[in-house]
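This report refers to the structure that appears directly beneath it.
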Amino acid sequence: MKGGADAEAAQEVAQEAMIMVWRKAASFDRTRASAATWIYAIARNKRIDLLRRTRPDISTEDWLAVYAAEEPDADKSMSAGQTYRRMKELMQGLSADQLLVIRKAFFEDKTHSTIADELALPLGTVKSRIRLALGRLREALDREEKET
Amino acid sequence: MTRHHAPDELLLDYAAGALPEGPALAVALHVALDPGSRRLVHRLLGVGGALFHEDSGAADMGEAALEEALARLDDLPGDAGPVAPRARAGFEWAPAALRPYLAGKTWRRAFGGFEEIRLDLHGDPHRVVLLKLEPGQGLPPHRHVANEYAVVLQGGYTDNTGNYVVGDFAVGPGAQEHRPVADPGDPCIALIVLEKPIVLTGFRGRLFNGLLRRGWM
């Protein structure tokens, strides 16, 4: 979330995100998300908002509006097992190659095709690293959800 | 039942906030309608949260900026929570993320006999259009020279790559020619995102390719 934004813009995102976290704290629902997930989603949406400042009336302010199911209660307890600590552990279980691609996506806001260009890797290689990494994540979390 | 999901790499791009507006809208609509992809995006946001906490290289927020944010907090009213924009009459099929783009728009008859609504993006050169096909109606045969994404919002369609129903996400078949035909039942409504204009491949269609490239059709 640093890439592409200069220091001033980054600071503005941080400010706006902080204000949003404060305002929305009462509507934070821990059966839907861990705090880290929630705060990340808010910061992500704030950044997109600022990048598209010229957009009229299209607010990504509410991550619920962006990710929400069309029926309000569809995703209750979606985050079972998805705690901040657990997510960090799962990331540590990825190979260096896989982690590099995932980190570049999140820290530099780059699409997988841009990442492939930058690393001078074939697009297919980057895709398969992402699919392997996400496959592991899915598998581990699915297993844990079944156990709980 | 959703059977075609957006590929993992696109969901990652979306969760990281890296997609341009057009593709981001397509993925947002798919995610709103597809529990499996929604679950994955949610997990990826968790990955984002976990990675940011460990990022030792992150710049500190300046003290003045922190002061200012804290001062602004004192003046803010409470927040009642999210309010989704209401669907317009006749557009009940549109998920919340699409509704702001529909303000003032109406269906228009397009070349080929189907109806369309062209959506306005803000600085993203992708072409985004809603198509409506009556049951049994098809698009002229065409192929793609760049990325194409489609999300079905009502009804369904079938082409040589498969059958697509509400919530399904299709990635364009590339240089391969395809001719989607709407399934029986409700008219098929789909959001199409094109990086570049399509290339018509039928004899009559070829005559129109120049116009398509210039954005006249």
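Labels below follow one simple rule: chain letters A, B, ... track the order of the sequence lines, proteins then strands, and each chain is numbered from 1. No hydrogens, no waters, no symmetry mates; every other heavy atom, side chains included, goes into these values.
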- Task: For a side chain to side chain contact (heavy atoms under 4.5 Å, CB included) with A/V101, tell me which candidate from A/K110, A/R129, A/H112, A/K127 qualifies.
- Result: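 For A/V101, the side chain to side chain contact (heavy atoms under 4.5 Å, CB included) check succeeds only for A/R129.
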- Taking it one step at a time, do B/K105 and B/D120 satisfy side chain to side chain contact (heavy atoms under 4.5 Å, CB included)? CA-CA 10 Å; B/K105 298 281 187 186; B/D120 305 315; 2.9 Å; yes
- Message: Quick check on B/D8 against chain A: is it the side chain, the backbone, both or neither that has a heavy atom closer than 4.5 Å?
- Response: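 B/D8 touches chain A through backbone and side-chain heavy atoms alike.
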- Item | B/L44 versus chain A, the contacting section by heavy-atom distance below 4.5 Å |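 The answer is both parts of B/L44.
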- Above 12 or not: heavy atoms from other molecules or residues under 6.0 Å from CD of A/E139?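 No, CD of A/E139 has 12 or fewer neighbouring heavy atoms, counting only those of other groups under 6.0 Å.
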- If you count heavy-atom pairs under 4.5 Å with chain B, which of A/I102, A/I115, A/I130, A/L90 comes out on top?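 Greatest number of close heavy-atom pairs with chain B: A/I130.
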- Query: Does the side chain of A/S95 come under 3.5 Å of the side chain of A/D97 through a donor N or O and an acceptor N or O?
  - Reply: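 Absent: no donor and acceptor within the cut-off.
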